[in-house]
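Beneath this line is the structure, given in structure tokens, with notes to follow.
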Amino acid sequence: MRSLVWFRRDLRIADNTALFEAARHADDGVVGVFLITPEQWQKHDDASCKVKFLIENVRTLSDRLAELNIPLLIRTCHDFQEAPACISKLASETGCDTVYINREYEVNESKRDDNVSLACEQAGVAMRRFHDRTIVPPKAISTKEGRFYSVFTPYRKVWDLTARETVETTPDPEQQPVIAIGRDPVPESITGFDFSNARSDLWPPGEDEAQRRLDRFSESISAYNVERDIPSVRGTSLLSPYLNVGVISARQCFFRADQILESSAGENEGAKTWISELTWRDFYNHVMVACPRVSMHHPFKPKTNQIPWRTDQSDFEAWKTGTTGYPIVDAGMRQLNQTGWMHNRLRMVTAMFLTKNLLVDWRWGEKYFMSRLIDGDLSANNGGWQWSASTGTDSVPYFRIFNPFSQSKRFDPDGLFIRKMCPELKRVPAKALHDPAKLSDAIASLGIDYPNFVVDYKAGRERALSAFKSLK
Ligand SMILES: Cc1cc2nc3c(=O)[nH]c(=O)nc-3n(C[C@H](O)[C@H](O)[C@H](O)COP(=O)(O)OP(=O)(O)OC[C@H]3O[C@@H](n4cnc5c(N)ncnc54)[C@H](O)[C@@H]3O)c2cc1C
């Protein structure tokens with residue numbers, strides 16, 4: 001029996017359920033495959049930096065698999081439609097009787113896998129699917145009445161018990177005898193994606209790098225609950241791109257934090273808070289599976305469809321380019337544009353600014369983030385956008401609109417982050433960065449080239465409040 005492991009967003013050896021199961025059952029070796037689907041990635045608005053990171057990680061995976069004598073084959077299909085023929089044919093050609101995959105929960109990905117399973121069946125090849133992407137599988141948790149939890153806090157209580165009682169990691173597969181199939185080269189470029197501007201120096205690929213980040217973060221995890229909101233310090237794990245392509249598993253992260261928590265007799269607030277963030281990741285996957293319409297441009301709360309979302313191109317352009325005249329918003333957007341990543345506090349601030357202060361359609365922001373983020377993930381991105389726009393499950397109440405100046409005063413008091421991303425504001429005193437009148441005065445007196453406010457703060461806020469109040 002030979003097994004084919006189809007790697008997708010699980011580009012690792014350690015704690016990889018499908019790979020472990022495939023190796024356990026194969027007595028004639030394991031073969032790996034990765035499908036490059038450029039047109040599908042374009043349809044999904046994947047960012048060039050994300051595709052580059054994905055491909056770099058496929059390359060490091062191929063090297064690691066080669067040490068185990070597992071060849072990684074690379075096939076290119078235009079899109080998911082070609083996957084059934086490609087995978088079933090490859091399984092037959094390589095003499096594999098079973099295809100092993102870790103489930104992907106998005107609608108298109110699930111449909112693709114159903115179709116691949118059917119094509120395999122017709123070719124006499126079995127397909128085995130495993131839960132691996134989240135710590136607790138979606139649908140594993142439901143209310144006493146068997147309904148899905150749409151509120152985070154009760155979900156988290158059950159999640160905590162389930163994770164501790166049922167979740168475990170899998171051992172690494174052992175080196176197999178050499179088989180007569182050679183691995184394929186991994187391409188340097190992908191049609192339709194421009195790799196030239198990606199900041200690869202910030203995101204080195206590979207499992208070792210992801211583990212190093214986890215080790216480094218573990219040393220400062222106790223400060224996470226305080227430092228995670230301050231964009232000028234490295235207070236978060238910076239693991240999101242690695243979790244997204246599965247170079248590290250969410251389970252590995254959870255167990256590390258849980259060990260730290262246990263060794264402090266449950267007193268480590270940083271570790272507790274970090275586990276809670278990992279739970280949000282599971283929660284948004286759980287919501288997407290229970291309510292797939294959220295990932296297809298529909299709000300979780302249907303009545304918010306009545307909001308007259310604006311489609312003002314010039315306001316949207318100012319937001320995209322980090323030229324709104326609101327320093328903390330501009331700093332966040334420039335971080336995204338320059339590095340492919342944005343600090344969580346700023347994702348909330350910028351998303352709320354677009355959807356509330358500018359009342360621009362949240363779907364525009366969701367799409368733009370996806371097209372730029374190295375960690376772009378449908379469920380987390382959608383969850384974050386619907387939270388900020390107050391259209392989602394357990395989202396921020398519509399009247400709690402962040403004031404960008406109070407946010408920067410609280411989380412960037414000395415203006416360190418703002419000045420780093422908006423160097424034209426270097427000479428503006430910190431106090432003026434957090435006060436609209438003082439900011440305008442400083443800009444005028446120092447003769448700085450910085451845009452006027454794209455919207456009057458009070459007027460924008462009132463417009464959003466009245467739009468939400470008039471919902472029936
Ligand atoms: C509007 C908006 C859009 C977002 N889009 C994405 C996205 O496309 N991809 C993405 O991975 N995260 C997204 N997030 C969540 C969060 O901002 C990032 O996960 C986090 O900033 C990544 O940095 P980190 O790895 O240092 O996180 P840490 O603070 O170290 O957290 C550890 C991990 O937990 C998960 N996580 C943390 N916060 C959240 C959250 N609120 N929701 C879901 N998972 C979370 C991530 O996998 C993260 O890597 C979004 C948030 C908002 C408000």
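As the structure lists them, so they are numbered: ligands from 1, and atoms in each ligand from 1.
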Interfacing atoms of ligand 1 (cut-off 4.0 Å, heavy-atom, Leu243):
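Under 4.0 Å from Leu243, ligand 1 has these atoms: 33 (C), 47 (O), 49 (O).
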
Need the ligand 1 atom indices (1-based, order shown) with element for anything under 4.0 Å from a heavy-atom of Trp341.
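Selected atoms, number and element: 22 (C), 23 (O), 26 (O).
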
Contact (N/O only, under 3.5 Å) between [X] and ligand 1:
{"X": "Leu239", "value": "yes"}
{"X": "Trp385", "value": "no"}
{"X": "Trp280", "value": "no"}
{"X": "Leu238", "value": "yes"}
{"X": "Ser240", "value": "yes"}
{"X": "Ser388", "value": "no"}

Among protein heavy atoms, which sits nearest to [atom], and what does the distance come to when rounded to 0.1 Å?
{"atom": "atom 15 (C) of ligand 1", "value": "Asn344 OD1, 4.0 Å"}
{"atom": "atom 38 (N) of ligand 1", "value": "Glu277 OE1, 3.0 Å"}
{"atom": "atom 29 (O) of ligand 1", "value": "Tyr224 OH, 2.5 Å"}

Could you tell me whether [X] sits above the aromatic face of [Y], with NZ or CZ closer than 6.0 angstrom to the six-membered ring centre and within 45 degrees of the axis?
{"X": "Arg8", "Y": "Trp6", "answer": "yes"}
{"X": "Lys356", "Y": "Phe468", "answer": "yes"}
{"X": "Arg128", "Y": "Tyr100", "answer": "no"}

Salt-bridged, Lys52 to Glu56, with N to O below 4.0 Å?
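Result for this pair is yes, salt bridge flagged.
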
Using a strict threshold of under 4.0 Å (side-chain N to carboxylate O), is an ion pair present between Arg129 and Asp114?
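Counted as a salt bridge, because a side-chain N and a carboxylate O are separated by less than 4.0 Å.
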
Does only the side chain of Phe217 get under 4.0 Å from ligand 1, or the backbone, or both, or neither? Count heavy atoms.
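The answer is neither; Phe217 stays 4.0 Å or more away.
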
Using the rule ring pair (Phe, Tyr, Trp, His ring centres under 6.0 Å), only one of Tyr242, Trp203, Trp341 pairs with Phe53; which is it?
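Checked Tyr242, Trp203, Trp341 against Phe53; only one passes ring pair (Phe, Tyr, Trp, His ring centres under 6.0 Å): Tyr242.
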
Minimal non-hydrogen separation, [X] against [Y], with atom names:
{"X": "Ser240", "Y": "Asp375", "answer": "OG-OD2, 2.7 Å"}
{"X": "Cys253", "Y": "Ile248", "answer": "SG-CD1, 4.0 Å"}
{"X": "Pro38", "Y": "Thr76", "answer": "CD-CG2, 4.1 Å"}

Winner among Asn382, Asn381, Thr236 once heavy atoms are compared against atom 5 (N) of ligand 1
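Closest candidate by heavy-atom distance is Asn381.
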
